[in-house]
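One structure is given here, and the rest of the page talks about it.
Counting convention: from 1, in listed order, for ligands and their atoms alike.
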Amino acid sequence: MAETKKILVAGGAGFIGSHVAQELEKRGHQVRVFDNFVGGKQNLECFGSGIEVVEGDCCKAKDCRKGVKGCDAVFHLAAHAAEGQSVFIPAFNAETNILGSIRMLSEAINEGISDFVFTSSIATYGKPEKVPIKETAPLNADDPYAITKKAFEDYLRVYHELGQITPYIVRFFNVYGPRQRMDDPYRGVVPIFINKCLKGENPVIFGDGLQKRAFTYISDVVEPICDIVGNKKLVNNPINIGTEEVHTVKELAEMTIEQMGVDLEVEFVSKRTSDVKVTYCDTSKAKELLGYQAKVSMEKGLEKTIVWAKGMGPQEFRYFDYTEIPKLTHGIYTSKKI
Ligand SMILES: NC(=O)c1ccc[n+]([C@@H]2O[C@H](COP(=O)([O-])OP(=O)(O)OC[C@H]3O[C@@H](n4cnc5c(N)ncnc54)[C@H](O)[C@@H]3O)[C@@H](O)[C@H]2O)c1
């Protein structure tokens, strides 16, 4: 983005959104954060007076209208992003991630906004036929969260073909780092393990722990997403963004215990219905079209996250009392024993 813009960051009070808002402001843009604060307001403390904050729900057209007013671009990160939880709350998930995203898109179009950045996910690939996954791989989304991300990618394509929007779609992997919620028991295995260690409790793994993931430090997604607008080769052309360093969940748990210097052990419980065993991506397209290179190793990123987390102290996990399909709710959630 060469020229200065007024940018709406929807979901800007969240983990990634708050970092994106700050990076865009640092680059000289005028930034408005839009959020309904279901994930809390704690990240707002990081903003200076240069970032405008608007409370609003992306499921409400009126709120979205207020959010996009006067803006030139939208970074849409607002979502209910708990993949495993989406299996037992599929309607709620679709309301936020599909209908809420459509509302935001419609009001962006009505405001005459062209640039629309969307944070999609590696989850859209489902169980990959081959790893590392290239963007050309089939999108076999096989959980409700993944379906919502895939569906909204399709909405963006359709409105792009109608000449109404210039979409930029990034497919992130497992992002972690400071400001990620530690009190959310449903998602974010890195902050969950750290929080468990802070509480003096054993980290709990679903299944055998041999699930493989490319855990990506926050700064390795924030810069590329802020670089993407204006890159003609990436218009309506989804791109994988994240590290190519891969670890098992068991390795992550062991590294966390070691780095935190606690006398704890990894515990195993039955696997979750929707967990994909091995999933990580090829990022050669990002390297070629964006000059992308992930810079932070797992060891270093974990170290920085632990320093931040120790400053925050242990957090109580906040469980949803709400479920749509109780029999698909993993027992560890109902017993509140994550
Ligand atoms: N964190 C990851 O590993 C990862 C991986 C792939 C994709 N993503 C995507 O990146 C985006 C940001 O993820 P995150 O990890 O920062 O999540 P987050 O939960 O920290 O942030 C999401 C924000 O959206 C807000 N929000 C939720 N529902 C809303 C609504 N109806 N109206 C307005 N605001 C609402 C929440 O309050 C929160 O501040 C999401 O779209 C997520 O699906 C994240």
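Evaluation of the side chain to side chain contact (heavy atoms under 4.5 Å, CB included) rule for R213 yields N174, Q211, F215, V276, T279 as partners, not counting sequence neighbours.
Remark: of the listed residues F193, Y217, F15, Y217 is the sole one forming a ring-ring contact (aromatic ring centres under 6.0 Å, His included) with Y176.
Taking the six-membered ring for Trp and thresholds of 30 and 60 degrees, F118 and F152 have ring planes more than 60 degrees apart, a perpendicular arrangement.
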*Apply ring pair (Phe, Tyr, Trp, His ring centres under 6.0 Å) to the pair Y186 and Y333, showing each step before the final yes or no.*
CA-CA 8 Å; Y186 304 103; Y333 298 129; 4.7 Å; yes
N/O contact list for ligand 1, threshold under 3.5 Å:
| unit_1 | atom_1 | unit_2 | atom_2 | d |
| --- | --- | --- | --- | --- |
| ligand 1 | 1 (N) | R187 | NH2 | 3.3 |
| ligand 1 | 3 (O) | F173 | O | 3.1 |
| ligand 1 | 3 (O) | V175 | N | 2.8 |
| ligand 1 | 10 (O) | T119 | OG1 | 3.4 |
| ligand 1 | 15 (O) | R187 | NH2 | 2.8 |
| ligand 1 | 16 (O) | F15 | N | 3.4 |
| ligand 1 | 16 (O) | I16 | N | 2.8 |
| ligand 1 | 17 (O) | R187 | NH1 | 3.2 |
| ligand 1 | 19 (O) | R187 | NH1 | 3.2 |
| ligand 1 | 20 (O) | F15 | N | 2.9 |
| ligand 1 | 26 (N) | N36 | OD1 | 3.4 |
| ligand 1 | 31 (N) | N36 | ND2 | 3.4 |
| ligand 1 | 31 (N) | D57 | OD1 | 2.8 |
| ligand 1 | 32 (N) | C58 | N | 2.9 |
| ligand 1 | 34 (N) | N36 | N | 3.3 |
| ligand 1 | 34 (N) | N36 | OD1 | 3.3 |
| ligand 1 | 37 (O) | D35 | OD1 | 2.5 |
| ligand 1 | 37 (O) | V38 | N | 3.3 |
| ligand 1 | 37 (O) | G39 | N | 3.1 |
| ligand 1 | 39 (O) | G14 | N | 3.0 |
| ligand 1 | 39 (O) | D35 | OD1 | 3.3 |
| ligand 1 | 39 (O) | D35 | OD2 | 2.7 |
| ligand 1 | 41 (O) | L77 | O | 2.9 |
| ligand 1 | 41 (O) | T119 | OG1 | 3.1 |
| ligand 1 | 41 (O) | K149 | NZ | 2.9 |
| ligand 1 | 43 (O) | Y145 | OH | 2.7 |
| ligand 1 | 43 (O) | K149 | NZ | 2.9 |

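You'll find the side chain of C58 stays beyond 4.5 Å of the side chain of N36, heavy atoms only.
Side-chain contact annotation: Q85 with H80, donor-acceptor N/O pair under 3.5 Å present.
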